[in-house]
Amino acid sequence: MRVSRYFLATLKEAPAEAELVSHRLMLRACLIRRLGSGLYTWMPLGLRVLRKVEAVIREEMNAAGALEVFMPAVQPAELWQETGRWDVFGPLMLRMKDRHERDFCFGPTHEEVITDIARREIRSYRQLPVNFYQIQTKFRDEIRPRFGVMRAREFSMKDAYSFDAGKTGLAASYRRMYDAYARIFTRLGLRFRAVAADTGAIGGSASHEFQVIADSGEDAIAFCPTSDYAANVELAEAMAPPAPRAGPARALEKVFTPGRTRCEDVAALLGVPLASTVKAIAVVHDDALWLLLLRGDHALNEVKASKLPGLEPFRFATETEIVRRLACKPGYIGPVGIDPAIRIAADHSVAAMADFVCGANEEGYHLAGVNFGRDLPEPHFVADIRNVVAGDPSPDGKGVLEIARGIEVGHVFALGTKYSEAMGARFLDEQGQPQLLEMGCYGIGVTRVVAAAIEQNNDARGIVWPAPMAPFQVALVPVGYHKSAEVRAAADELHRKLEEAGVETLFDDRDERPGVMFADMELIGLPHRVVVSERGLKEGRVEYQGRRDASAEKLPRAEALARILARLG
RNA sequence: CGGGGUGUGGCGCAGCCUGGUAGCGCGUCUGGUUUGGGACCAGGAUGUCGGAGGUUCGAAUCCUCUCACCCCGACCA
């Protein structure tokens with residue numbers, strides 16, 4: 001492909017809207033252009049990358065025995081009402097009406113549609129197992145779209161749905177997809193980790209996320225370097241302290257802590273470790289106020305807290321509610337001497353503390369030397385309600401946890417019969433008896449994979465594509481193409497040979513200075529660059545340089561093609 | 001939705017406080033000089049200053065409303 005006939009509209013400066021490296025580079029390299037919040041056009045160069053990712057996904061899905069289908073993006077409300085998700089999805093779902101005033105949505109996912117297919121088409125166990133997948137545009141009206149295509153509202157997703165005759169079959173289908181995902185992300189050249197995950201709104205029993213490791217990732221993942229334990233921090237279990245609580249050693253004391261509303265400030269003022277302070281988080285369920293107690297150096301895990309008996313769903317109390325129930329402003333609230341009707345749930349780590357510091361329920365004061373059983377009753381609930389932190393023991397008992405950031409590019413769920421039951425999707429087993437289909441669902445954020453790959457593979461000059469994703473494999477850059485007949489002839493010939501050999505080549509035939517061409521080819525991240533110049537031709541050579549290489553290598557002109565092909569592998 | 005911020009040629013920005021009829025860099029077009037790391041010179045084109053209303057002799061600038069976008073928190077591939 002000649003650049004003169006392509007569309008390269010690279011930018012020296014990234015639009016101010018973009019903050020994340022991948023977003024900036026995608027805009028600068030003209031991979032995408034924004035239409036509206038969370039809506040992006042894939043430009044020619046970007047689309048080539050997207051198609052590369054899709055191709056790898058298709059190959060591996062097909063190899064795993066999945067069958068490609070293509071479902072409508074627009075779906076009737078009736079299906080969603082059957083599973084109850086018409087209400088569950090809330091404003092995340094883009095709804096619309098047709099000319100007959102019938103309700104539809106732009107599909108945020110396709111469990112309902114595929115389950116409808118399954119209940120109509122699957123009659124017998126002889127048709128099982130079966131796995132249908134598609135690569136489709138989804139729309140989710142995200143609360144806050146951001147980071148370009150990383151969290152867009154409209155995005156491309158590969159979604160697959162497996163149907164099995166029983167739990168054993170489901171486990172096998174799940175495993176097959178898990179393995180296929182590992183192969184897909186490995187082939188794409190990504191550094192990733194599969195982690196145990198919460199099942200969230202999709203529902204089901206088992207679930208793993210595939211996280212691309214990147215500091216800019218929105219997810220925190222906990223993993224144990226000395227074992228294979230890995231889980232989303234949302235799910236990772238914080239082990240209860242092994243040692244029993246010590247007895248009280250200090251007297252209860254009220255201390256003056258003006259303006260110190262954060263545990264860090266209180267600990268600093270009193271000269272005590274942050275881990276000896278306790279914070280109380282006021283939450284509300286059905287108008288009932290709860291206090292959740294956490295160590296000062298720990299953070300609340302809302303997923304875990306919502307599993308406390310009788311607390312789901314909960315929301316954070318407003319300042320007004322806090323003042324009304326505790327007669328004190330936030331920042332100084334605590335569990336001592338409060339209305340016994342207020343439920344108290346303590347994290348395991350708090351329940352094991354003695355002589356701790358907490359709010360006094362009086363503005364400007366905290367209490368020190370606080371002890372359960374003496375100064376306040378034992379908490380109503382003791383549970384794991386905090387996020388694990390680096391250094392916590394691994395739940396598998398084989399080491400200590402570390403925390404890393406990740407970008408979720410894939411998610412596999414063992415759904416079980418949640419949808420087949422809601423929608424009556426049954427098959428006849430060997431005895432001719434109707435049984436519910438066992439389902440699994442498996443997603444890959446195709447557009448997000450592109451952004452994640454850039455996030456992980458870039459340098460000061462631009463994108464550094466893993467070869468399987470690169471829009472072109474070779475950048476052919478002639479120096480002096482428009483004034484040297486020799487350069488022109490040699491470059492044209494090499495271009496022709498590369499294309500004949502099936503190598504995707506971007507041939508920079510523009511009348512630009514070399515610096516401009518080098519900069520553009522590096523920005524768009526092509527893995528291999530070949531330079532043809534008068535200088536080189538005099539020595540009978542052309543130059544080769546890999547995108548990650550520090551310097552160029554001279555290849556004898558006669559061997560150039562073969563040597564380049566060897567580089568491509 | 002709550003909190004913070006920004007809207008001025010394609011991109012990045014200045015001008016706004018203290019009203020006087022729009023400017024800089026990059027890009028782009030034309031001509032010339034250059035040609036191994038985002039060249040130089042000369043000339044040109046591109047703006048209803050996000051929109052609506054108001055104040056004023058006069059509004060990018062002041063006031064009101066509104067829209068869009070970005071960043072920080074709850075959602076998820």
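- Among the nucleotides rG37(B), rG38(B), rU35(B), the one closest to the side chain of Asp520(A) is rG38(B).
- Remark: Thr109(A) is not in phosphate contact with rA77(B), judged by side-chain N or O atoms under 4.0 Å from OP1 or OP2.
- Without hydrogens or angle criteria, Asp347(A) side chain to Ile385(A) main chain gives a donor-acceptor distance under 3.5 Å.
- Residues passing the side chain to side chain donor-acceptor pair (under 3.5 Å) test with Asn458(A): none are found, sequence neighbours excluded.
- For Arg510(A) against rG38(B), no side-chain N or O and base N or O form a donor-acceptor pair under 3.5 Å.
- Residue Ala452(A) is out of contact with every strand shown, counting any heavy-atom pair closer than 4.0 Å.
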Below 3.5 Å between N/O atoms, which protein atoms pair up with nucleotides 28-30 of chain B? Just atom names and distances, please.
none

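- Heavy atoms of other residues, nucleotides or ligands lying less than 6.0 angstrom from CZ of Arg5(A) number 12 at most.
- Atom-to-atom, CD of Glu455(A) to P of rA77(B) comes out at 20 Å; the value is rounded to the nearest Å.
- Taking side-chain N and O atoms only, Arg146(A) has no distance below 4.0 Å to OP1 or OP2 of rC70(B).
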Using nucleotides 3-5 of chain B, report all nitrogen or oxygen pairs with the protein that are shorter than 3.5 Å.
none

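- Interface residues of residues 523-531 of chain A facing RNA chain B, ordered by number: Arg529(A), Val531(A); criterion, heavy-atom separation under 4.0 Å.
- Remark: Lys12(A), Glu13(A), Ala14(A), Pro15(A), Ala16(A), Glu17(A), Glu19(A) in residues 2-21 of chain A come within less than 4.0 Å of RNA chain B through at least one heavy atom.
- Pairs of residues two or more places apart, or lying in two chains, that qualify as salt bridge (charged side-chain N to carboxylate O under 4.0 Å, His left out) and include a residue from residues 456-466 of chain A are Asp459(A)-Arg547(A), Arg461(A)-Glu522(A).
- The phosphate of rC75(B) (OP1 or OP2) has no side-chain N or O of Arg151(A) nearer than 4.0 angstrom.
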